[in-house]
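These notes are about the structure you will find just below.
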Amino acid sequence: MIDLLLLIVLPYVALAVCVAGTIYRIKKNSLSYSSLSSQFLESRGLMWGSLPWHIGISVIILGHLAALVAPQPFQQMLSYYPVLMGVESVGIGLSLICLAGILILTVRRITSSKLQAVTSATDLLVLALLLLQVGLGLGIAMHHRWGALWGAGLASPYILSILTFRPDAAMVQDFPHLLKAHIVGAWLLILLIPFSRLIHIFALPIHYLSRPPINVVWNNARRKESNEETFVKEEARRHFLRGGIGVAFGVMLLSAGAFDKVFRFFFGPRLSKHQETELMEAKLERLEATTAQRKLELERQKNDYILIGTLDELSPTSGKYFIDYEMRPAIAFKGADGLPLLISAKCTHLGCTVGNEMNAEGKILCPCHISFFDVKTGEPNADSPAKAPLPHLSWVIRDKEGEIVLRRNAQGPTIGNASLPDLKEAKVYISKSEGQA
Ligand code: FES
């Protein structure tokens, strides 16, 4: 029930209020359609807070939008580990920059008496929510790694389902609490847009960087003398700002990875005895898994044939998983001719393991992003995210004396002349010598 309220009802209320409220505010008082600058009241803190905040949050929002607008290319790009590492590190670096910026802006609002006079309760609420959002984003990056990858696969479909009026929170309702809070925080901020300075996000001051400078002319005699000087300063400031943005980007990209490491070194988890025990157990499990994997690799390196099971064991509809020579998952079915049909189970989209249950159309499903593959041909459905077929694997059959009586090279012809009745107690092996399709 609470999920329904926060993940379905709240988004629609937020979007409706945001659209209607923004239009109303623009029509009613178009001059309020900005962030209501407080630079005249306090400029130093504004520069140190606003610049990092806006640079950081703009890139972070663009990243979120990219994942929303093109989730599949985004995920594909992130399926390369170095890219994923880079995006996560840059995300953490930017979040830290944002955190510094929003903290400075909040302290400035609270401590300056001039600003207190023009600060409303909504301003403070928005600042608190923004602080919370940045904190939650950092928490997610620290505790639920690779959010950029799985976020695009799970959160983007949820948001698209809301925007296309086919609400479906199934993808996110089992998310960890940190993540749900981040999503709810985002909807609350959207809800507050028409009632706060946040409305200025619809009035991006991009033209500032390219428009000709404005010369503010003072009538006051003393100030008049400094008109020219002010004009030159304004132009210089603009050049500095452009250069500063470029340099900040470069530095941020270079230092983001280092930030991540330093942060982890100083603020890594402090473990209790119980947690340490759990960690040791987990490490031991990983070591055992690695040992088991090395044994499998060695077995494949040493042998030309690896046993899958007996022919009788294979089923036409419920495949048996095994590991192929490339250490990838594969599935063994019994084909319509009563002989083995071996197919790779590593999805050709992003590498998930494909299910082993064949449906009535002779297809198996990759559940990650719903790709169906024809077991006989390996081809994916035309509308599947996967575009390449699953390859078939070579096999041999040995009779009960251990003699190879039948073999097939991937989808090639079956070689040998044993008939099915001869194959009682026969065993099926994957074959290295013949290679894979
Ligand atoms: Fe995306 Fe299989 S990994 S459909």
Side-chain angles (χ1 to χ4, degrees), residues 63-88 91 140 144-164 166 168-176 179 183 289 293 296 315 317-333 341-393 410-411 430 436-437:
H64 281 63
L65 281 179
L68 179 65
V69 173
Q72 280 171 16
F74 194 75
Q75 278 183 299
Q76 220 147 9
M77 182 181 79
L78 295 184
S79 61
Y80 297 101
Y81 187 70
V83 178
L84 178 61
M85 220 20 217
V87 168
E88 288 270 326
I140 292 165
H144 306 287
R145 303 224 73 186
W146 318 132
L149 183 60
W150 52 255
L154 298 172
S156 298
Y158 155 68
I159 295 170
L160 285 175
S161 79
I162 296 286
L163 297 180
T164 52
R166 283 175 297 183
D168 179 7
M171 298 272 201
V172 292
Q173 66 193 11
D174 293 327
F175 268 7
L179 215 94
I183 293 174
Q293 180 166 350
L296 285 177
S315 148
T317 52
S318 182
K320 179 175 181 181
Y321 281 115
F322 63 94
I323 302 295
D324 70 9
Y325 274 101
E326 310 291 329
M327 293 300 292
R328 295 175 302 205
I331 313 174
F333 287 97
L341 186 55
L342 312 188
I343 187 164
S344 169
K346 188 174 160 78
C347 179
T348 52
H349 180 222
L350 290 179
C352 284
T353 299
V354 177
N356 64 335
E357 293 298 329
M358 191 193 289
N359 68 13
E361 292 165 356
K363 295 185 178 175
I364 46 178
L365 166 72
C366 173
C368 283
H369 314 102
I370 316 298
S371 285
F372 281 96
F373 296 90
D374 191 305
V375 172
K376 232 189 257 172
T377 61
E379 289 293 339
N381 273 8
D383 55 352
S384 293
K387 296 297 168 219
L390 293 175
H392 285 97
L393 310 182
Q411 274 181 307
I430 38 167
Q436 272 181 218

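Read the numbers this way: they start at 1 and go in the same order the structure lists the ligands and their atoms.
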TODO: Pull out every atom of ligand 1 sitting under 4.0 Å from any heavy atom of Cys352, numbered as shown with elements.
DONE: 3 (S)
- [ ] Write out the residue and atom name of the closest protein heavy atom to atom 4 (S) of ligand 1, then the distance separating them to 0.1 Å.
- [x] Ser371 OG, 3.1 Å
- [ ] Determine whether Ile343 and Val354 make a side-chain contact, defined as any pair of heavy atoms from C-beta on separated by less than 4.5 Å.
- [x] no
Open item on the list: Regarding His349, does it place an N, O or S atom less than 2.8 Å from atom 2 (Fe) of ligand 1?
Closed with: no
- [ ] Restricting to N/O/S, name the atom of His369 that gets closest to atom 1 (Fe) of ligand 1.
- [x] ND1
Task: Proximal atoms of ligand 1 relative to Cys347 (non-hydrogen, under 4.0 Å) - done: 2 (Fe), 3 (S), 4 (S)
Task: Non-hydrogen atoms of Ala332 and Phe322 that approach each other most closely - done: N-CE2, 3.6 Å
Task: Protein contact to atom 3 (S) of ligand 1 [nearest heavy atom, distance to 0.1 Å] - done: Leu350 N, 3.2 Å
Open item on the list: Assess the residue pair Cys347 and Cys352 against the criterion (disulfide bond (SG atoms under 2.5 Å apart)); give the C-alpha distance rounded to whole Å, side-chain angles, the decisive distance to 0.1 Å, and a yes or no.
Closed with: CA-CA 5 Å; Cys347 179; Cys352 284; over 6 Å; no
- [ ] Verify the neighbour count for atom NE2 of His64: are there more than 12 heavy atoms of other residues, nucleotides or ligands below 6.0 Å?
- [x] no
TODO: Check whether any side-chain heavy atom of Ser384 sits under 4.5 Å from a side-chain heavy atom of Phe373, and report yes or no.
DONE: no
